[in-house]
Amino acid sequence: MRTLLGVILAFALISSSAAQDQAKKQEPAKGSTPAAKAPESYRLEFKIYELEGGKRTNERAYTMIGGVPGGWTNLRTGTRVPVTTGEKSTYIDVGVRLDCHLSEEGGKVFAQVRMEISSLVLPEPGNEPRSSTMPVLRNTNADIGTEIKTGKPQIIASADDVNSKKKVQVELTATRIE
């Protein structure tokens, strides 16, 4: 009986020792870096408003997903328009271009936004220095770096149109995706 008890005790000690060795193999070694934190994803909702006389006359919405840490998130929408000068023709992009990069520092989320908004419009009488009926290319560009208050819309850019009484406003809402 003592022999049987001794064998069972030895088997238990060997099993316990093997389990501890297995656990040590799974733990990261001292001084090694822990596994990278999974990226946090955000729904980025951009609203671009056109205002005239303080009233919204046009609104466009664009949504994309970005992560922290992550690279640049890009959105392009528009039209390639042919432009002819003399005998040469080329195409230009007209529309909206949004690039966004998210980062986190000290528990705060920051967005770096590059945007370009362009459109073709017919000249308004008295506003254009020439009498042509050819369309005019209007362009608004911005490179913005700002802290993001997650879940709340915030205006990140506002610009007056230099040739009219219109204003463009860009609003961003960044909502964390759980």
Side-chain angles (χ1 to χ4, degrees), residues 19-82 90-121 135-178:
Q20 288 177 354
D21 288 345
Q22 183 68 18
K24 284 182 181 177
K25 288 179 185 175
Q26 291 177 351
E27 290 178 9
K30 287 186 178 179
S32 68
T33 58
K37 182 178 156 185
E40 295 180 17
S41 295
Y42 290 84
R43 172 187 299 278
L44 304 169
E45 297 176 76
F46 291 87
K47 290 188 180 175
I48 300 174
Y49 302 106
E50 191 173 281
L51 298 104
E52 190 167 7
K55 295 182 181 180
R56 290 184 182 170
T57 59
N58 194 2
E59 176 183 328
R60 298 281 186 250
Y62 306 93
T63 303
M64 56 186 168
I65 305 296
V68 174
W72 285 90
T73 303
N74 307 298
L75 185 139
R76 309 278 188 273
T77 183
T79 305
R80 292 190 56 91
V81 178
T90 188
Y91 285 84
I92 59 171
D93 291 322
V94 177
V96 174
R97 185 180 118 194
L98 293 167
D99 302 324
C100 186
H101 181 268
L102 296 177
S103 60
E104 188 176 24
E105 187 177 316
K108 296 179 180 179
V109 178
F110 295 89
Q112 181 71 33
V113 178
R114 294 180 189 149
M115 62 169 227
E116 180 179 328
I117 305 165
S118 58
S119 62
L120 292 172
V121 294
V136 174
L137 179 64
R138 295 241 170 100
N139 218 358
T140 302
N141 294 313
D143 193 347
I144 304 147
T146 187
E147 180 183 349
I148 298 297
K149 307 285 188 223
T150 58
K152 297 180 181 179
Q154 61 194 78
I155 294 177
I156 61 169
S158 182
D160 287 336
D161 184 333
V162 296
N163 293 312
S164 72
K165 295 181 181 184
K166 296 179 182 180
K167 179 182 270 195
V168 174
Q169 281 187 339
V170 180
E171 179 183 278
L172 172 60
T173 306
T175 308
R176 185 169 178 203
I177 299 172
E178 300 292 328

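Keep in mind the model is a prediction, meaning the values are calculated, not measured.
Salt-bridge formation is not detected for the pair D161/K167: no Lys NZ or Arg NE/NH1/NH2 atom is positioned less than 4.0 Å from an Asp or Glu carboxylate oxygen.
Residues passing the salt bridge (Lys or Arg N to Asp or Glu O under 4.0 Å) test with R56, sequence neighbours excluded: none.
With contacts defined as side-chain heavy-atom distances shorter than 4.5 Å, the pair F46/T173 does not qualify. In this structure the side chain of I177 never reaches within 4.5 angstrom of the side chain of T175, judged on heavy atoms. Counting heavy atoms from C-beta on, the side chains of T150 and Y42 come closer than 4.5 Å. Residues T73 and I65 are not in side-chain contact: their nearest non-hydrogen atoms beyond the backbone lie 4.5 Å or more apart. By the 4.5 Å heavy-atom criterion applied to side chains, T140 and E116 are not counted as neighbours. You'll find the side chain of V94 reaches within 4.5 Å of the side chain of L137, heavy atoms only.
Rounded to the nearest 0.5 Å, atoms CD (Q169) and CG (D160) are 9.5 Å apart. Once rounded to the nearest 0.5 Å, the distance linking NE2 of H101 with CG of N74 reads 11.0 Å. To the nearest 0.5 Å, the span separating CG on D93 from CZ on R76 amounts to 9.0 Å. Note that CZ of F110 and CD of E104 are 9.5 Å apart. Values are rounded to the nearest 0.5 Å. Here the OG1 atom belonging to T146 is positioned 5.5 Å from the CD atom belonging to Q154, to the nearest 0.5 angstrom. Considering CG of L102 and CG of L44, their distance stands at 5.0 Å, rounded to 0.5 Å.
The neighbour count for R60 CZ, taken as heavy atoms of other residues, nucleotides or ligands under 6.0 Å away, does not exceed 12.
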**Request:** Determine, step by step, whether W72 and Q112 satisfy the side-chain contact (heavy atoms from CB on, under 4.5 Å) criterion, reporting the C-alpha distance in whole Å, the side-chain angles of both residues, the deciding distance to 0.1 Å, and the verdict.
**Result:** CA-CA 9 Å; W72 285 90; Q112 181 71 33; 3.4 Å; yes
**Message:** Let's go through V168 and Y49 carefully: what are the C-alpha distance in whole Å and the side-chain angles of both, what is the deciding distance for side-chain contact (heavy atoms from CB on, under 4.5 Å) to 0.1 Å, and is it a yes or a no?
**Reply:** CA-CA 6 Å; V168 174; Y49 302 106; over 6 Å; no
**Request:** Before giving the answer on side-chain contact (heavy atoms from CB on, under 4.5 Å), spell out for L51 and T57 the whole-Å C-alpha distance, their side-chain angles and the decisive distance to 0.1 Å.
**Result:** CA-CA 5 Å; L51 298 104; T57 59; 6.0 Å; no
**Message:** Between E52 and K165, is the salt bridge (charged side-chain N to carboxylate O under 4.0 Å, His left out) condition met? List the steps.
**Reply:** CA-CA 6 Å; E52 190 167 7; K165 295 181 181 184; over 6 Å; no
**Request:** List the steps, then state whether side-chain contact (heavy atoms from CB on, under 4.5 Å) holds for I155 with V170.
**Result:** CA-CA 6 Å; I155 294 177; V170 180; over 6 Å; no
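Exactly one residue among V113, I144, I148 makes a side chain to side chain contact (heavy atoms under 4.5 Å, CB included) with C100. That residue is V113.
Considering every non-hydrogen atom in both L172 and A111, the closest pair reads CD2-CB, 4.4 Å.
Side chain of S118 to backbone of G95: a donor-acceptor contact under 3.5 angstrom is found.
Applying the salt bridge (Lys or Arg N to Asp or Glu O under 4.0 Å) test to residues at least two apart or on different chains, the pairs with a partner in residues 140-156 are R114-D143, E147-K149.
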